[in-house]
A.B. asks: 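The structure is given below, and queries will be raised subsequently.
Order of appearance sets the numbers: ligands from 1, and atoms from 1 within every ligand.
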Amino acid sequence: MSVAVRFAPSPTGLLHVGNVRLALVNWLFARKAGGNFLLRLDDTDEERSKPEYAEGIERDLTWLGLTWDRFARESDRYGRYDAVAAALKASGRLYPCYETPEELNLKRASLVSQGRPPIYDRAALRLGDADRTRLEAEGRKPHWRFKLEHTPVEWTDLVRGPVHFEGSALSDPVLIREDGRPLYTLTSVVDDADLAITHVIRGEDHVANTAVQIQIFEAVGGAVPVFAHLPLLTDATGQGLSKRLGSLSVASLREEEGIEPMALASLLAKLGTSDAIEPRLTLDELVAEFDIAKVSRATPKFDPEELLRLNARILHLLPFERVSEELAALGLAEADAAFWEAVRPNLSRVAEARDWWAVTHAPVAPAADDPAFLAEAAALLPEEPWDLSTWGTWTGAVKAKTGRKGKDLFLPLRRALTGRDHGPELKNLLPLIGRTRAEKRLAGETA
Ligand code: GLU
């Protein structure tokens, strides 16, 4: 049996770090097992699903490198859901209910006030044909509930271990709305069964759904997959990350925060596992290290600062070829490997390279506050061509001539050459600045 998993987002909003972590874990699981990864858009909520969100999901996954082997869209499969629903109606597992939302709320409130769990009382099962005819004559349309068996439901969860539910402790779920549209609880099972999904890896907010869905798999004759429910990410204070938290959307991490895909993947693959979080430059390395058994039941905390620190560590390791397009998109099409290697140790985000490009390739107002010393240094500047040894040769000569050393020697040179107190190693920057500019900056001219 070959492993098949799916990531099944609803295109009703932007993907945030919590969703995309589940996508990544599914993808790693598939790649590790040599199985396949399905992207399924759960778009039966037609009021809230939007094409731009569907496109956003594909863009975000592609950016992270999470390619999918198969694609499905639930809105293409209504005919199939209708057929399954008809069969469940015929076998009596789906039964019509007529309560309005207000009536259901009252029932729930009454049970809760008696200290009882708000489980649907199955009143609709006790209706006779005459009752149904009367209710429909009143203009009511039925919604349809799945009749759960009041037996234990058990599974061995790859993260939670043995899980046990009593069917009698669950409400019969509504699978078909009053307008005839099928709901996620049904459509997901039909798809997982039809597309031969072997492992369902999702958030622990779905644990109770799983108990219900196992019974639906059995009722539709589908093979029950293996389940794994991951604890959901929280923020540093333990609050859940809502889908509406735009700042934690993958799109804003990419476009506003300047996060590299491998920084996000390196963090999300390890967060909440027994592995240390380390920068990884390829998804293949994460595949090699992945094991779902390493996922802990403890709630993982997502810290944007930790992501930014990891982003910096990734940039310090990334070769030029991996950022050249991003640099070009920032307007630094002329940047080359020497430039990148000079500045990357000082970056947390690629966009910051623009500041150093301006230092090496645009006029800088120098901080030339020690003119006599700078003039002596300028007189000792070697002839070009310059390379990585030029800085050492030159400052050695300046030291010998002036007797200066350490900060007294280097800081005035840095301030004159770059206009700043800190920055990338001058050994790397000097050849990029070049002799013409260097000479002028040492003379206090903007160049
Ligand atoms: N569309 C569902 C969600 O986004 C999918 C849950 C599942 O993986 O079954 O929560």
A.B. asks: So among Glu289, Glu285, Glu278, which one has a salt bridge (Lys or Arg N to Asp or Glu O under 4.0 Å) with Lys270?
C.D. replies: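 Looking at Glu289, Glu285, Glu278, the match for Lys270 under the salt bridge (Lys or Arg N to Asp or Glu O under 4.0 Å) is Glu289.
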A.B. asks: At what distance, to the nearest 0.5 angstrom, does CD1 of Ile57 lie from CD of Glu52?
C.D. replies: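 Answer for the CD1-CD pair, Ile57 versus Glu52, is 11.0 Å.
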A.B. asks: Got an N/O contact under 3.5 Å between Arg40 and ligand 1?
C.D. replies: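 So ligand 1 has no N or O lying under 3.5 Å from an N or O of Arg40.
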A.B. asks: Between Asn26 (side chain) and Ala23 (backbone), is there a donor-acceptor pair under 3.5 Å?
C.D. replies: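 Such a contact is absent between Asn26 side chain and Ala23 backbone.
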A.B. asks: So, regarding Ala8 and ligand 1 (criterion: nitrogen or oxygen to nitrogen or oxygen, under 3.5 Å), is there a contact or not?
C.D. replies: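 Yes, since at least one N or O of Ala8 sits under 3.5 Å from an N or O of ligand 1.
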A.B. asks: Which bit of Tyr184 is near ligand 1, meaning a heavy atom under 4.0 Å away: side chain, backbone, both or neither?
C.D. replies: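 Near ligand 1, Tyr184 shows its side chain, while the N, CA, C and O stay back.
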A.B. asks: Which of the numbered atoms in ligand 1 are under 4.0 angstrom from any heavy atom belonging to Asp42?
C.D. replies: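 The atoms of ligand 1 under 4.0 Å from a heavy atom of Asp42 are 1 (N), 2 (C), 5 (C).
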A.B. asks: What atoms in ligand 1 come closer than 4.0 Å to a heavy atom of Arg202?
C.D. replies: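 Heavy-atom distances to Arg202 below 4.0 Å select 7 (C), 8 (O), 9 (O).
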A.B. asks: If you count the atoms of ligand 1 from 1 in the order shown, which ones are under 4.0 Å from a heavy atom of Ser188?
C.D. replies: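 Selected atoms, number and element: 9 (O).
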A.B. asks: Can the positive tip of Arg420 be found less than 6.0 Å from the middle of the six-membered ring of Trp356, inside 45° of the ring normal?
C.D. replies: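 Positive - Arg420 is close enough to the ring of Trp356 and near enough to its axis.
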A.B. asks: When you measure from atom 10 (O) of ligand 1 to each heavy atom in Arg6, His206, Glu74, which option holds the nearest one?
C.D. replies: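 It is His206 whose heavy atom sits nearest to atom 10 (O) of ligand 1.
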A.B. asks: Centres of the Tyr95 and Trp144 rings: under 6.0 Å?
C.D. replies: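 No, they do not, as the ring centres are separated by 6.0 Å or more.
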A.B. asks: Salt-bridged, Arg80 to Glu74, with N to O below 4.0 Å?
C.D. replies: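 No, no charged N to carboxylate O under 4.0 Å.
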